[in-house]
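Lettering follows sequence order; numbering is per chain, from 1. Side chains included, hydrogens not; waters and symmetry mates left out as well; all remaining heavy atoms used.
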Protein chains: 2
Amino acid sequence: MASLDASKLEIIKTTSPKTKIPNDQLVFGKTFTDHMLEIEWTAEAGWGTPKISPYHNFSMDPAAVVLHYAFELFEGMKAYKDKDGKIRTFRPDKNMVRMNKSAARIALPTFDGGEFIKLIDQFLLVDQDFVPEGDGYSLYLRPTLIGTSSTLAVGTPDRALLYLIASPVGPLYDAKFQAVSLEATDYAVRAWPGGVGDKKLGANYAPCILPSKQAKERGYDQNLWLFGEEGYITEVGTMNVFFAFQNADGTKELTTAPLDGTILEGVTRDSILQLCKERLPKEWTVTERKFTIHEVEERAQKGQLIEAFGAGTAAVVSPIKAIGWKGKDIEVPLSTGSSGEVTASVAEWIRAIQYGDEDFEGWSRVAK
Amino acid sequence: MASLDASKLEIIKTTSPKTKIPNDQLVFGKTFTDHMLEIEWTAEAGWGTPKISPYHNFSMDPAAVVLHYAFELFEGMKAYKDKDGKIRTFRPDKNMVRMNKSAARIALPTFDGGEFIKLIDQFLLVDQDFVPEGDGYSLYLRPTLIGTSSTLAVGTPDRALLYLIASPVGPLYDAKFQAVSLEATDYAVRAWPGGVGDKKLGANYAPCILPSKQAKERGYDQNLWLFGEEGYITEVGTMNVFFAFQNADGTKELTTAPLDGTILEGVTRDSILQLCKERLPKEWTVTERKFTIHEVEERAQKGQLIEAFGAGTAAVVSPIKAIGWKGKDIEVPLSTGSSGEVTASVAEWIRAIQYGDEDFEGWSRVAK
């Protein structure tokens, strides 16, 4: 059984390069680079030869298990162009760990994440001209793993495909650093203990679209997923979520929901926790704890809710301006005009590391 | 916006028909008939021209939303050859209602189920030579609906494909009417209130494979999914589940879990409930109610557990011989040797209607 081996990479370059799209016309996830990376797996032979070749459609059996039983998972990553023109990724090792956890949970094959990172580097060098320049602009990377066995029997897939496509993107929301409104949602439930809500599976996404449409019809950008009769705040579905509170004694708290199996283990979430523990002034404590929509509402009424933001690879750091709950809006202060102060600091800390302006614990990796 | 219109059907027949496989070599869902049925949908134009054409691979963009966000759902149906050689389906209207509920829940387009049934009839006439003869043999039909938009943005698909493939099958388990053993599973959770466990979505299947593998490693055929601290019995994942109890006063009860949003609305389940209410002797009551693994264990200890069986399209009626729970087996009596008496009666009642030996409320539809 062969393991994933980056040294076997074969590259076939396109003979018909695409026209690059100007930054101001980029649409998230809609256009792709010239190439894609693919590695086939079979139960008999293990991982095959990695191939970079021109972006192309798959030839897929209508009985492929990915189309029937959701044998599919992915990662969201970004590549950034630094001021020297080098291409950088952000903590790719964390994505590989999570991707392998997702794979193991739905009986798809795991792989050597270090080897896949080397392949991503090579892919980025081939398509480096597609990495847009400028703050807020990046090449969104979509590593994907699907089961490709052709059978309607429900069982462990004996064939799979690991692949990578990439889309040049700007800020996720229309305007850079535009605060979003969320609708606190309790009538639909995204994740459950003993379920798979902490894994980046396709299965977690389609069921969230209808509640998301309904939230938009009521004027909100996204759902804030609550859990249980207590109304625990979990995440936004495409972002983890942080709340900042001021206590009566002058101390302050930045908090986010704990990794209890219902929350995606966000790389941006983890990075923000670490940075804030090191860098926020001493009146701040940084916690991972359970908290409810009722606490948020009560503390907002007391003037103790200072700010709130979402965090994820696609959105990076996204200020929150309001949370709809029981027909009313909980207003979230935006002290700098477009966000709270911690939100603005965190966004800049992350940006500086991602774009290579600053080195922090080797989080930024240069493709070479 | 065009609605689905069976009268527009176009048929292109194969020029290279496949060799038919003998009944004793059929493997569930592994080989397919000569043709497939496809209808494309776009948000702009609605439902396109239905096409029956030779079975073929799809050409699919690696960014298709079905591969990333599990925009996929299906139905399981069967076509039977009756003693006059006519091809019959079983309550296809029920499958169409459920399929449209699944579609609506994940923001895929709904369609006129009556028109799709007409198209299935035409498909069956084209591929009628693939419907195997004999009790326990049938043509398994797999209507499938997938989102095919090419974008990594998480949103409502603007393109979809409704298609049908079909596989000649024998009894689901190796031997006809072989009793199965189940492992009562509480460490993983299949469905929850506010979730999508009552819909036939791909998203409900991949997360069940790992617990299923683990149950098999411990010697059981499938999982019996429990819910909550109470240990409510829900379903088997590929089957609904019925338990028969004898009360101290001599009355008897056949029961199955209620449709509370965590249970698939099985067509076989519904049919069995209706038949048993009409046909079981007067000492029987037929109920849909919540009951727990603890009740099953306790009543088995008292000798009050008479029989148990699973029910679904693929397995039809599947006797249960044992349920593993907390390291021990709850033994289920098999009074006829291979099943309980009600199980045997129910299986025969359903079989007679499905194969057209008996007419019951128009449940069996002849393709013409």
Side-chain angles (χ1 to χ4, degrees), chain A residues 27-30 32 36 55-63 65-72 74 104-108 140 142 144 146-147 150-157 163 165 167 186-190 192-196 199 201-210 212-213 237-238, chain B residues 27-30 32 36 55-63 65-72 74 104-108 140 142 144 146-147 150-156 163 165 167 186-196 199 201-210 212-213 237-238:
Chain A
V27 177
F28 182 86
K30 196 63 196 166
F32 297 90
M36 63 193 290
Y55 190 99
H56 61 271
N57 277 12
F58 296 135
S59 176
M60 184 168 289
D61 192 314
V65 294
V66 63
L67 304 179
H68 297 267
Y69 305 129
F71 284 104
E72 59 190 75
F74 63 93
R105 182 61 185 83
I106 58 170
L108 285 175
Y140 182 82
R142 173 54 63 91
T144 309
I146 60 176
S150 295
T151 174
L152 300 183
V154 180
T156 303
Y163 68 96
I165 53 177
S167 172
D186 60 0
Y187 67 90
V189 178
R190 194 193 82 90
W192 197 268
V196 293
K199 304 296 185 296
L201 306 182
N204 289 322
Y205 289 80
C208 292
I209 300 303
L210 190 67
S212 165
K213 275 177 75 170
T238 57
Chain B
V27 176
F28 182 86
K30 196 64 196 166
F32 297 89
M36 61 194 290
Y55 189 99
H56 61 270
N57 277 11
F58 295 135
S59 176
M60 185 167 289
D61 192 316
V65 293
V66 64
L67 303 179
H68 297 266
Y69 305 128
F71 284 105
E72 58 191 75
F74 63 94
R105 181 60 185 83
I106 58 169
L108 284 175
Y140 183 81
R142 174 53 62 93
T144 309
I146 60 176
S150 296
T151 174
L152 299 182
V154 180
T156 303
Y163 69 97
I165 54 177
S167 171
D186 59 359
Y187 66 90
V189 176
R190 195 195 79 91
W192 53 85
V196 293
K199 304 295 187 296
L201 306 182
N204 290 323
Y205 289 81
C208 292
I209 299 304
L210 190 67
S212 166
K213 275 177 76 171
T238 58

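Chosen from B/S167, B/C208, B/G155, the residue pairing most often with chain A at heavy-atom distances under 4.5 Å is B/G155. Across B/P207, B/A188, B/A107, the residue that shares the most heavy-atom pairs under 4.5 angstrom with chain A is B/P207. Counting heavy-atom pairs closer than 4.5 Å to chain A, the top residue among B/A63, B/A70, B/S150 is B/A70. With chain A as partner, the option from B/P62, B/A153, B/A206, B/A203 having the largest number of non-hydrogen pairs under 4.5 angstrom is B/P62. The choice from B/L108, B/I146, B/I165, B/D186 that makes the most heavy-atom pairs within less than 4.5 Å of chain A is B/I165. In terms of heavy-atom pairs under 4.5 Å with chain A, the best-connected choice from B/V66, B/V65, B/V27 is B/V66.
Using a 4.5 Å cut-off between heavy atoms, B/S212 makes no contact with chain A at all. For A/P157, no part sits under 4.5 Å from any heavy atom of chain B, backbone or side chain. Of the atoms belonging to B/F71, heavy atoms from both backbone and side chain fall under 4.5 Å from chain A. Interface remark: A/S59 contributes backbone and side-chain atoms alike to the contact with chain B (heavy atom separation under 4.5 Å). There is no contact between B/A191 and chain A, counting heavy-atom distances below 4.5 Å. For a residue to count as touching a neighbouring chain, one of its non-hydrogen atoms must lie under 4.5 Å from one of that chain's; by this rule B/R142 touches chain A with the side chain only.
Note on ring orientation: taking the six-membered ring where Trp is involved, the planes of B/H68 and A/Y163 are perpendicular (angle over 60°, cut-offs 30° and 60°). Note on ring orientation: taking the six-membered ring where Trp is involved, the planes of A/F74 and B/Y69 are perpendicular (angle over 60°, cut-offs 30° and 60°).
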Derivation and outcome, side-chain contact (heavy atoms from CB on, under 4.5 Å), residues A/V154 and B/I209: CA-CA 8 Å; A/V154 180; B/I209 299 304; 3.4 Å; yes
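Between the CG atom of B/L210 and the CZ atom of A/R105 there is a distance of 5.5 Å, given to the nearest 0.5 Å. The distance from atom CZ of A/F58 to atom CG of B/L67, rounded to the nearest 0.5 Å, is 6.5 Å. Summarising the geometry, atom OH belonging to B/Y55 is positioned 3.5 Å from atom CG belonging to A/D61; distances are rounded to the nearest 0.5 Å. With rounding to the nearest 0.5 angstrom, the CD atom of B/E72 is 5.0 Å from the CD atom of A/E72.
Side-chain N or O atoms of A/K30 include none that pairs as donor or acceptor with a backbone N or O of B/L152 at under 3.5 Å. A donor-acceptor pair under 3.5 Å is formed between the side chain of B/W192 and the backbone N or O of A/V189.
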